[in-house]
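Both ligands and their constituent atoms are indexed starting at 1 by order of listing.
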Amino acid sequence: MSLAEEKIKKFESVSSEQDAIFFQAMEEVIYSIAPLLESCDIYKKNSILDRLVVPDRIFKFKVTWLNDQNEIMVNTGYRVQFNNALGPYKGGLRFHPSVNEGILKFLGFEQILKNALTGLPIGGAKGGSDFDPKGKSDFEVMKFCSSFMTELHKYIGPRIDVPAGDIGVGAREIGYLFGEYKKITSSFEGVLTGKPFMFGGSLMRPEATGYGVIYFTQTMLEMENKESLEGKICTVSGAGNVAIHAIEKLLHIGAIPVSCSDSRGTIYDTRGIDLALLKEIKLEKRGSLEEYVKTFPEAKYIPVNDYPQGAHAVWDIPCYAAFPCATQNELNELDAQNLIVNGCVSVSEGANMPSTPTAISNFLSHKVCFAPAKAANAGGVAVSEFEMAQNASMSHWTFEEVDTKLKNVMQQICKRVALTAKDYGVEGNYVDGANIAGFKKVADAMIAEGI
Ligand code: NDP
């Protein structure tokens, strides 16, 4: 049995049911780094893998709050501080009913390697709650955030752990969380990123993940000698922060993004998605995409339940490049086959781990350029680190300054990943390249810091 297989068996035996998704992320990384583990005795000697897959600590706490009917509501809050070998713990907060320890361990683990790839001094963490902001009033969201922070503030700090947003946590939630932190600690400090600009947020943080995915893809296509995105049909899933800004950047560069989706259905608009309408529906009204066809009846709305089970409508639309930007495991083997049959040349993950392992194998074996999340969506955390730097120096950078730095980081990540893949004999495999490059950086720091 190889060392990788031995480790996978060992970790599987101690994984709980909730850990299935964490295990999925871990297994991919272990297979990618297998050649490194076999050839470099130092990683074995320092038990790096055994140490890396266990979070430094996990906080789990009760969050009680009053709803608008003055009833007491109870949710669970978490913060998984995974690894701080390279810098303070850093990673988003997710508010969604599906949140549990396993999902946050998967996201925190991915975040360690993603943050390492940026080349910036940040460790990996993730947190959140099973609270669902959907359908709640602003006041209810505020009360939940205040209560969540009364516990979370004990564990975070600008040099300790700096949370940001994720699914269900945008500028509104970050604002309420920041306000409560300030009240409890009497301290105005950069303890959260993704803040509104007026009290310390970085320009371009909302756009960063979506724009970054497109910058990464442009570099990848150039390196792989493929045609650029200009004038090409692109499909995007999701209709949140990442999807909207990926669509925005695609429009800026002259591509034609024809789709978006939410948890209830998919929009297919062959003329290209109308960005202003999409923002109005999802950002201002927090409504359903079904509303899109009321304004543009020539577009198609495909409700989730009207599509044959097993595949997703958005991945059955012919395209040159696909951008899954909604959630984990939203693109499966059938979806991958549909994309391949329809001639898709490139798939870039805006969401965290949106493609299943079998979908990824299909892409790699059919030579589809595949940009894995931990490399392609690192733009958000990169600009979060820029926000930390601006807060620490009490300064503000211009939009252009941040955009130039973001583009540079994404190009550097792409080149590092491609070169690492080449160095390890798997040229063109950005999954292995990203896992090996990220792992090496964290592992070397862990060894230098002792046990
Ligand atoms: P948002 O909450 O802003 O948007 C998520 C979108 O995905 C919503 O449109 C939501 O639909 C849709 N969605 C959620 N679940 C499903 C589902 N099962 N099927 C179809 N659509 C679904 O989140 P973000 O855009 O911030 O995050 C999206 C992904 O990107 C996540 O995986 C996140 O971890 C990742 N990411 C985000 C970063 C950021 O900077 N925000 C940074 C790096 C990664 P509905 O509107 O109906 O809820």
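In K282, the part holding a heavy atom less than 4.0 Å from any atom of ligand 1 is the side chain. Residue contacts with ligand 1, taken as heavy atom pairs separated by less than 4.0 Å, involve R205 solely via side-chain atoms from C-beta onward. Of all the heavy atoms of A164, none lies under 4.0 Å from any atom of ligand 1, so neither backbone nor side chain is involved. Heavy atoms of K134 found under 4.0 angstrom from ligand 1 belong exclusively to the side chain. Contact annotation for R264 and ligand 1: no heavy atom of the residue comes within less than 4.0 Å of the ligand.
In the candidate list V383, I167, T327, T327 is nearest to atom 16 (C) of ligand 1, counting heavy atoms. The closest non-hydrogen atom to atom 38 (C) of ligand 1, taken over L289, T209, N329, comes from T209. For atom 36 (N) of ligand 1, the nearest non-hydrogen atom from the set I103, N352, N241 comes from N352. Between atom 47 (O) of ligand 1 and the options S263, A243, C260, the minimum heavy-atom separation is to S263.
The aromatic rings of F61 and Y155 sit tilted, their planes meeting at an angle between 30° and 60°. Ring orientation note: the planes of H245 and Y211 are nearly perpendicular, at an angle over 60° on the 30°/60° scale.
A salt bridge links D269 with R271: the distance from a Lys NZ or Arg NE/NH1/NH2 to an Asp or Glu carboxylate oxygen falls below 4.0 Å. A salt bridge links E387 with K195; the closest basic N to acidic carboxylate O contact falls under 4.0 Å.
Of the protein's non-hydrogen atoms, V242 CG2, 3.9 Å is the one closest to atom 24 (P) of ligand 1. Nearest protein neighbour of atom 9 (O) of ligand 1, counting heavy atoms only, is A239 N, 3.0 Å. Scanning the protein for heavy atoms near atom 20 (C) of ligand 1, the closest one is D262 O, 3.4 Å. The protein non-hydrogen atom at the shortest distance from atom 29 (C) of ligand 1 is A326 O, 3.3 Å. Residue, atom and distance of the protein heavy atom nearest to atom 1 (P) of ligand 1 are G240 CA, 3.9 Å. Of all protein heavy atoms, the one closest to atom 33 (C) of ligand 1 is D166 OD1, 3.1 Å.
A side chain to side chain donor-acceptor pair (under 3.5 Å) with Y89 is found for one member of Q81, R57, K126 and no other, namely R57. When each of E284, E248, E207 is paired with K279, the salt bridge (charged side-chain N to carboxylate O under 4.0 Å, His left out) condition holds for E248 and for no other.
On a distance-only criterion, R94 and ligand 1 share at least one N/O pair closer than 3.5 Å. For ligand 1, the polar-atom distance check finds no N/O of L107 at less than 3.5 Å from any of the ligand's N/O atoms.
Take N67 and apply the side-chain contact (heavy atoms from CB on, under 4.5 Å) test, not counting sequence neighbours, and it matches W65, Q69, E71, M73, E140. Taking the ring-ring contact (aromatic ring centres under 6.0 Å, His included) definition, one finds that F197 meets it with H396, sequence neighbours left out.
Counted by atom type alone, N75 and S129 present zero donor-acceptor pairs between their side chains at under 3.5 Å. One side chain, D403 or Y215, offers a donor N or O that lies under 3.5 Å from an acceptor on the other. S237 and E330 are linked by a side-chain donor-acceptor pair at a separation below 3.5 angstrom, with hydrogens and angles left out of the test.
Separating the CD1 atom in I273 from the OH atom in Y292 is a distance of 4.0 Å, to the nearest 0.5 Å.
Proximity of G165 to ligand 1 is not established, as no heavy-atom distance is less than 4.0 Å. The shell of residues lying under 4.0 angstrom from ligand 1, judged by heavy atoms, excludes H96.
Atoms of ligand 1 found under 4.0 Å from any heavy atom of G168 (numbered from 1 in listed order, with element): 2 (O).
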